[in-house]
Asks: 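Provided herewith is a single structure, encoded as structure tokens, for subsequent inquiry.
Within every chain, numbering begins at 1; the chains are lettered A, B, ... in the order of the sequence lines, protein sequences first and strands thereafter. None of these values were measured; they are calculated from a predicted model.
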There are 2 protein chains.
Amino acid sequence: MAETETFPDRKRGSGVKLVYDLLRDEILDLVLPPGSTIDEVQLAERFGMSRTPIREALVRLAGEGLVETLPNRSTMVANIDFLNLHTFFDALTLMYRVTTRLAATYHQPAELNAIRQHQARFAAAVEAQDALAMIASNRDFHAAIAEAGRNPYYTSLFLRVLDEGRRLLRLYYQSFDDRLPREYVDEHEAIIAAIEARDVELCDRLAKAHADQIVRQIQKFLTRDRRQSLPL
Amino acid sequence: MAETETFPDRKRGSGVKLVYDLLRDEILDLVLPPGSTIDEVQLAERFGMSRTPIREALVRLAGEGLVETLPNRSTMVANIDFLNLHTFFDALTLMYRVTTRLAATYHQPAELNAIRQHQARFAAAVEAQDALAMIASNRDFHAAIAEAGRNPYYTSLFLRVLDEGRRLLRLYYQSFDDRLPREYVDEHEAIIAAIEARDVELCDRLAKAHADQIVRQIQKFLTRDRRQSLPL
DNA sequence: TGCATTTTATTTGTCGACAAAGTTTTGTCA
DNA sequence: TGACAAAACTTTGTCGACAAATAAAATGCA
């Protein structure tokens, strides 16, 4: 039997954010599978509110490409575009490099601290073999680096790319029994050190290597031979 | 006396797009000045519809950063952040380069054609000294190049940056009596040729030079000495 | 049975209404 | 007069209702 959610009385104006955040998480953690339809009325009942705030949350999600709305028809969770993954890898790599470079130049002590905290959480998640926490803290780690780079244009694109990556990584680790690699922890540490040393070129190289590593892992997963798992 | 707009019967679902497109244009052409407040009820009367579709259009505009919404308070046209223009220049330059490079690699004949058409309109606008048309077609020209590059992540960021640039350029040419420079026409032609030749490195250099040129012009405008125009 | 067409049902887009939050005006007292 | 409080007004966020659009079911016909 499913748990019954209860949403206590909330302040006027908080409903949209509540729905938005929850739907967003459910989409990115693949709780809502790509392509599945979203029912406004059902959500309205689930959250105990009218359709108006639900719709606003959906419009915002659509603006970020996490949801697709067909006119006069249902809105559905955005599909993962496996055919054009190379555009994703390309953007991911460039954004890793650019944001890490900028962080080396513009970071301030407090920001480096925030980055370290996310890294600590990331290391703990890897240690505990907690895939969801690892994916989330990895995203936060790189988002914090982008913040330190202080370019809102890059940050917003990077967040979008990282979110898309969150879905891919979830897919990846689901299929490999959630066994998490430790080399990322060390790579993160090296990146932190390079940012602190304000070594732009080293940051660039490390960011590129880090991106390549991730891209390679995902590609390995996508191109692996699935034939032996077919029943005969 | 102001012209009275009339909006004929429209199909169900078209209202949001109508409002969105019009508000967007008015914001980017500085018809709605940055910082000015937006009245939902007034818009609803103006377009002859209820507040619901107006609100949805505003939510979408907020998602693109063209409008800022204060909870329980008015929503206003986003301000231009003059203090952090360098982040804009940085992103603009990088996106010029990246999208032009990708266009050189991935463009197809039809797309090159579209790019040429925008360039023709751009040249005509410069010839006619029509600043608004020139700004719009310049944006379309570079957007078409991004399209040819086929990376939706880059395209979406680039469009956002170009839109922000539309406001800045409008400001620029308003203040200089809308006298339009012709060198951009030639630079555009060179870029087209480089894309057609699929010369990635040349595209990169030309895009960077083009970006630098624009950045320099805007900076010149922003830092010019305004003292002599003060009344004594 | 298989296909086209009408009926019914579901779902979306829009509306008018209303209450909560915020803003301005009015009123009171020092 | 000037500062503070109360009242009146404006604007926003949410709701329930309804009609247009689509999807599903039922019906008719060969």
Asks: Atom NZ of B/K11 to atom P of C/dT12: distance rounded to whole Å?
Replies: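 The answer, rounded to whole Å, is 20 Å.
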Asks: In terms of the nearest nucleotide of DNA chain C, which residue is placed more toward the 5' end: B/E56 or A/R12?
Replies: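 It is B/E56 whose nearest nucleotide is closer to the 5' end.
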Asks: Which of the following nucleotides, C/dC18, D/dG16, C/dT11, is nearest to the side chain of B/R51?
Replies: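 Closest of the options to the side chain of B/R51: C/dC18.
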Asks: Is it true that B/S156 and A/R160 share a donor-acceptor pair across their side chains at a distance under 3.5 Å?
Replies: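 B/S156 and A/R160 do have a side-chain donor-acceptor pair below 3.5 Å.
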Asks: Grab the CG-C1' distance between B/L70 and C/dT23 for me, whole Å please.
Replies: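 The distance from CG of B/L70 to C1' of C/dT23 comes to 14 Å, rounded to the nearest Å.
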Asks: Between B/D39 and A/P53, just flag the one whose closest nucleotide in DNA chain D comes earlier from the 5' side.
Replies: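 The residue whose closest nucleotide sits nearer the 5' end is B/D39.
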Asks: Can you check the A/E45 CD to D/dG16 P distance for me, whole Å?
Replies: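 Those two atoms, CD and P, are 11 Å apart.
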Asks: What is the distance, to the nearest angstrom, from the CZ atom on A/F47 to the P atom on D/dC15?
Replies: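 Atom-to-atom, A/F47 to D/dC15, this comes out as 13 Å.
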Asks: Tell me: NZ of B/K17 to C1' of C/dT12, nearest whole Å?
Replies: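 Whole-Å distance recorded here is 19 Å.
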Asks: Rounded to whole angstrom units, what separation is found between the CE atom of B/M76 and the P atom of C/dT23?
Replies: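 It works out to 13 Å between those atoms.
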Asks: Do side-chain atoms of B/D81 reach the backbone of B/L83 as a donor and acceptor pair under 3.5 angstrom?
Replies: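 Yes, the answer is positive, given that a donor and an acceptor are paired below the 3.5 Å cut-off.
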Asks: Mind checking B/R73 for me? I need base, sugar-phosphate or nothing, with any heavy atom below 4.0 Å counting as a touch.
Replies: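 Here B/R73 touches the backbone only, sparing every base.
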Asks: Which heavy atom of B/A91 sits nearest to which heavy atom of A/N151, and what is that distance?
Replies: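 So the two residues come closest at N-ND2, 4.3 Å.
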Asks: When the distance from CG of B/L43 to P of D/dT11 is rounded to whole Å, what number comes out?
Replies: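 Nearest whole value for this atom pair: 12 Å.
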Asks: Of the nucleotides D/dT11, D/dC15, C/dT12, which has the atom closest to the A/V41 side chain?
Replies: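 It is C/dT12.
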Asks: Return the value, rounded to whole Å, for the distance between atom CD of A/E40 and atom C1' of C/dT10.
Replies: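 So the two atoms are 12 Å apart, to the nearest Å.
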Asks: Report the distance from atom CG of B/L162 to atom OH of B/Y96, rounding to the nearest 0.5 Å.
Replies: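 Answer rounded to 0.5 Å: 6.0 Å.
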Asks: B/S50 side chain: which of D/dC15, C/dT14, D/dT11 is closest?
Replies: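 Of the candidates, C/dT14 comes closest.
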Asks: Between B/T52 and A/S74, which has a closest nucleotide on DNA chain C that is more 5'?
Replies: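 The residue closer to the strand's 5' end, by nearest nucleotide, is A/S74.
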Asks: A/V16 or A/N72: which one's nearest nucleotide on DNA chain D is closer to the 5' end?
Replies: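 With A/V16 and A/N72 compared, the 5'-side residue is A/V16.
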Asks: Are any of the side-chain nitrogens in B/E26 or B/R46 under 4.0 Å away from the carboxylate oxygens of its partner?
Replies: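 Answer for the salt bridge query: yes.
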